[in-house]
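Scroll down for the structure; my scribbles are underneath it.
In this text the structure is predicted, and so the values were computed from the model without any measurement. In what follows, every chain begins at residue 1, and chains take the letters A, B, ... in the order their sequences are listed.
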Amino acid sequence: MKNYLHSLFAEAATRLDYLNGIKLTFDIPKSPEHGDYSSNAPMILAKNLKKAPRLIAQDIVANLKTDSHIISKIEIAGNGFINFFFTPLFLSKLVSEIIEKNGDFGKSTSYSGKKANVEFVSANPTGPLTVGHGRNAVCGDTIANLLEWVGYSVDREYYFNNAGRQMRVLGDSVKKRYLEILGDNMEFPDDYYQGQYINLIAQKIYEKYGDTLRDEDPEGIFKSTAEQEIFLEIKNSLANLDINHKIFYNENDLYTEGKIQALINSFEEKSLSYKKEGAVWLKLTEMGNEADKVIVKSTGEPTYRLPDIAYHIVKLDRAYDLLIDIFGSDHTATYPDVLAAINNLGYDSGKVKVIIHQFVTVIKDGEIVKMSTRKANYITLDELTEEVGKDAVRYFFNMRNLNSHMNFDLNLAKEKSEENPVFYVQYAHARISSIIRMAQDNNIAPSLQDLGLLSSEDEIRLLKILNLFKEEVLLAATNCDPQRITAYVEELAKAFHKFYTTCRIIGVEKNLSSARLTLINAVRIVLANGLSILGVSAPDKM
RNA sequence: GCGCCCGUAGCUCAACCGGACAGAGCAUCAGCCUUCUAAGCUGAGGGUUAGUGGUUCGAGUCCACUCGGGCGUACCA
């Protein structure tokens, strides 16, 4: 629809030169009375042309060569809006495309041939994933889905570090619990990992090795067993949500493969770093950032910034066209440094897109739960998934705008799981499936012949919404905004439920029956496709 | 102190580059099942978009300041 309007205006611009000077946009008005699309061009032009917007609008409209099979009405309204109304027949043309493309409808080739990498979750294996990680996990996977829908070939990647201080403490935490099992009276420091899972890992080690590990280095079997066990659990938690990373990248490889040293060298060669007080500093101020930062401590140990930069270079070297990082808001401060650094090393930081999501505030029994893996104060993602189900978890996290802080009331989520909007959407899909089954039993065949019979308000409303799907997918993908899809799918479901109460499919005149059956099949396909992007199932029965 | 994000109905949240009377869901109240799934539909009430000022044809959206919340601001990750 939009394309048609653009071509109309382009043609008119050959006579109206002033149209070339502005950026044309077509908006979908909030109120249907204002048409399917509207243009605000007259108001933008008014100042320069020193002419009343409504007069400009008349001039433009007079120059538009519209096809009455496509546009049914053009109105000049308000202060100078031009409103366009499309014909139902034109709107219904899309239905045959939907039926034909089926599960592929909505996919586009806008970015085909391009490679993207989405890095998300990336929690170190020190404990189970929490509800807090859930948002990152679900949104990251959905964004990856969206990119695939617009043509990208996407790698999902998980970056982790099993070498740092956190992991040392983890290994030692396990050893202390192990020694407890052996009967030693251990002091267990406050800043050690308090979780029950530590005891379970220690128990496993005890069952396997008995008391032979009394003198084992905490960073040996204890740490490696903990890492394995925890990673197993993390992967399992993700798999429960249908999230599967293709690549797990260990920060440690950056060291063993010499990437860290190489990076230090290139900074030095390019005079992007200097030594001060025994540490190596990166000249971030010269790169336009706020302050220089240490990349190698005086102890000789790199700070986290260095591997972060090295890791991005590794990814850039893999020739992706787009790198997406999904971070929680606690990373807000670090990525500008990474971008500045890779830029100054001659890489295109424009390929890197950083998505920051705000934190989830978990509320349980009316109180805010302060999540801490260390203190074992958390609600695990698994508990949530078991409680409310995969579909609800995925839907819920995708319902919210990424940079809005969200409250997650666990009690509400559990008790209200029946009223979650996901059921509303799935119910529409199940209802349609049921009608289609029944139509088959009654030998009613769908037909593309009589779509012109679809003319009631509720039928046209459905057609209009169906016509927006492709654009929504593209917008959601380019803006990395999964929330658009949940909003869309709800709008479509709502329109269907309304239609269902006013229009019968079975038991009306044969041609109309066939046309409506085709219409709802198209609705079913688009609902299923939208849900598939979200990673939510589309049941045939409920 | 400084930087980023946020503040919208009782609650949880929408509102694409600034656009027409700010929208949903839940909750509350009142209706709708002899016919395709009532996990549904219809209607009602509920708002000074935290506040003040500014920019312009037009501001929830942009700018400045104030108030309130989150996250940063490490030779922690």
Quiz item: Does A/Asn401 make a side-chain donor-acceptor contact with the base of B/A15, cut-off 3.5 Å?
Solution: no
Which pairs of donor and acceptor atoms, one on a side chain in residues 514-522 of chain A, lie under 3.5 Å apart (sequence neighbours left out)?
| from | atom 1 | to | atom 2 | distance (Å) |
| --- | --- | --- | --- | --- |
| A/Ser514 | OG | A/Ala445 | O | 2.8 |
| A/Ser514 | OG | A/Lys510 | O | 3.2 |
| A/Arg516 | NE | A/Glu459 | OE2 | 2.6 |
| A/Arg516 | NH1 | A/Arg504 | O | 2.7 |
| A/Arg516 | NH2 | A/Glu459 | OE2 | 3.3 |
| A/Thr518 | OG1 | A/Ser447 | N | 2.9 |
| A/Thr518 | OG1 | A/Ser447 | O | 2.8 |
| A/Thr518 | OG1 | A/Ser514 | O | 2.8 |
| A/Asn521 | OD1 | A/Arg524 | NE | 3.0 |
| A/Asn521 | OD1 | A/Arg524 | NH2 | 3.0 |

Self-check item: Polar pair under 3.5 Å, donor/acceptor by atom type, side chain A/Ser329, base B/C5
Solution: no
Quiz item: What interatomic distance, in whole Å, is found between C1' of B/G18 and the corresponding atom of B/U61?
Solution: 6 Å
Quiz item: Can a side chain N or O of A/Tyr304 be found less than 4.0 Å away from OP1 or OP2 on B/C75?
Solution: no
Quiz item: B/G19 base to A/Asn40 side chain: any donor-acceptor pair below 3.5 Å?
Solution: yes
Self-check item: B/C11 OP1/OP2 closer than 4.0 Å to side-chain N/O of A/Asn407
Solution: no
Quiz item: Would you say the base of B/G7 and the side-chain of A/His405 have a donor-acceptor pair closer than 3.5 Å?
Solution: no
Practice problem: Could you measure between the two C1' atoms, the one in B/A20 and the one in B/A27, and give it in whole Å? | Solution: 31 Å
Exercise. Consider the side chain of A/Leu475, meaning its heavy atoms from C-beta on, and name the nucleotide among B/U37, B/C57, B/C16 that approaches it most closely.
Key: B/C16
Exercise. Write down the distance between CD (A/Gln358) and C1' (B/G7), rounded to a whole number of angstrom.
Key: 13 Å
Exercise. Check whether the side chain of A/Gln166 and the base of B/C76 form a donor-acceptor pair under 3.5 Å.
Key: no
Quiz item: Taking a pair as Watson-Crick or G-U wobble with both distances under 3.5 Å, which nucleotide is matched to B/G25?
Solution: B/C11
Practice problem: For residues A/Phe248 and A/Tyr158, establish whether the separation of their ring centroids is below 6.0 Å. | Solution: yes
Exercise. Ignoring backbone atoms, test whether A/Lys370 places a side-chain nitrogen or oxygen under 4.0 Å from the OP1 or OP2 oxygen of B/C71.
Key: yes
Quiz item: Contact class for A/Ala77 vs. all strands (heavy atom < 4.0 Å): base, sugar-phosphate, or nothing?
Solution: base
Quiz prompt | Salt-bridge present (A/Lys353, A/Asp325; N to O < 4.0 Å) | solution = no
Quiz item: Are A/Lys315 and A/Glu119 close enough for a salt bridge, meaning some N to O gap below 4.0 Å?
Solution: yes
Quiz item: Within the modelled atom types, does a donor on one side and an acceptor on the other bring the side chain of A/Asn403 and the base of B/C6 under 3.5 Å apart?
Solution: no
Quiz item: Looking at A/Tyr488, does any N or O in its side chain come under 4.0 Å of the phosphate oxygens OP1/OP2 on B/C16?
Solution: no
Exercise. Answer yes or no: side-chain N or O of A/Thr25 and base N or O of B/C17 forming a donor-acceptor pair under 3.5 Å.
Key: yes
Practice problem: Decide yes or no, distance alone: a donor-acceptor N/O pair under 3.5 angstrom between the base of B/A77 and the side-chain of A/Thr303. | Solution: no
Practice problem: Let me know the distance between CD1 of A/Ile295 and P of B/C76, rounded to the nearest Å. | Solution: 14 Å
